[in-house]
Amino acid sequence: MATKETFASFDEMIAGSSVPVLVDFYATWCGPCQILSTQVFPAVAAAVGKDQVKLVKINTEKYPNVASTYGVEALPTIILFKDGKVADRIEGLPNAPQLIERLKYFLAAPAA
């Protein structure tokens with residue numbers, strides 16, 4: 001499960017993370033977002049481990065400025081930040097095995 005943490009800014013959280021950060025941009029009314037949250041993300045957390053990646057959810061209705069900054073136009077949008085920079089981006093609903101494989105690939109890749 002994702003833990004609730006508070007940061008002064010989204011950028012502070014991304015830049016200050018010692019591990020890559022996988023961000024789920026979602027809205028409460030979005031059906032595929034609910035599937036991602038209840039089925040896909042728990043499988044990813046179990047397969048990859050919290051010590052390897054931080055899973056974060058950003059409600060685009062509460063934080064439209066953050067969504068706008070990263071060009072989020074479709075929901076769900078998943079962005080992987082590695083060393084404070086965007087490393088990967090997925091628009092739409094991936095299945096758990098797809099997301100796990102992509103994540104493992106990017107976690108294994110050296111920082112650019």
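All figures in this text were calculated on a predicted structure; none of them were measured in a lab. The first residue in the sequence is number 1, and the count goes up from there.
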Check residues 93-100 and write down every donor-acceptor pair under 3.5 Å in which the side-chain atom is one partner and the other belongs to a residue at least two apart or another chain.
unit_1	atom_1	unit_2	atom_2	d
N95	OD1	Q98	N	2.8
Q98	OE1	N95	N	2.9

To the closest 0.5 Å, what do you measure between [atom1] ([X]) and [atom2] ([Y])?
X	Y	atom1	atom2	value
L22	Q52	CG	CD	13.0 Å
K82	L103	NZ	CG	9.5 Å
R89	L80	CZ	CG	12.5 Å
L75	E91	CG	CD	9.5 Å
K62	T28	NZ	OG1	8.5 Å

- Task: Using the ring pair (Phe, Tyr, Trp, His ring centres under 6.0 Å) rule, collect all pairs that involve residues 45-78, keeping only residues at least two apart or in two chains.
- Result: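 Those involving residues 45-78 are F10-Y70, Y70-F81.
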- Item | Residue pairs passing the ring pair (Phe, Tyr, Trp, His ring centres under 6.0 Å) test where at least one lies in residues 19-55, sequence neighbours excluded |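 Checked against ring pair (Phe, Tyr, Trp, His ring centres under 6.0 Å) - neighbours excluded - no pair reaches residues 19-55.
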- Message: Between D11 and V66, is the side chain to side chain contact (heavy atoms under 4.5 Å, CB included) condition met? List the steps.
- Response: CA-CA 9 Å; D11 293 332; V66 176; over 6 Å; no
Over all atoms of both residues, closest heavy-atom pair of [X] and [Y]:
X	Y	value
T69	N65	OG1-O, 2.8 Å
K54	S17	CE-OG, 4.0 Å
A67	T60	CB-CG2, 3.8 Å

- Does any N or O in the side chain of S9 come within less than 3.5 Å of the main-chain N or O of E12, such that one atom is a donor and the other an acceptor?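 Such a contact is found between S9 side chain and E12 backbone.
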- Qualifying salt bridge (Lys or Arg N to Asp or Glu O under 4.0 Å) pairs, either residue in residues 21-39, two or more places apart: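 For residues 21-39: D24-K57.
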- For E61, does the CD atom have more than 12 heavy-atom neighbours from other residues, nucleotides or ligands under 6.0 Å away?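 For E61, atom CD is crowded (more than 12 foreign heavy atoms under 6.0 Å).
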- Item | hydrophobic_cluster_shared for I14 and V19, side chain cutoff 4.5 Å |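 Different hydrophobic clusters.
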- Item | Residue pairs passing the disulfide bond (SG atoms under 2.5 Å apart) test where at least one lies in residues 12-108, sequence neighbours excluded |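 Passing the test, one end in residues 12-108: C30-C33.
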- Just jot down the salt bridge (Lys or Arg N to Asp or Glu O under 4.0 Å) partners of E101, sequence neighbours excluded, or say none.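 E101 satisfies salt bridge (Lys or Arg N to Asp or Glu O under 4.0 Å) with no residue once adjacent residues are dropped.
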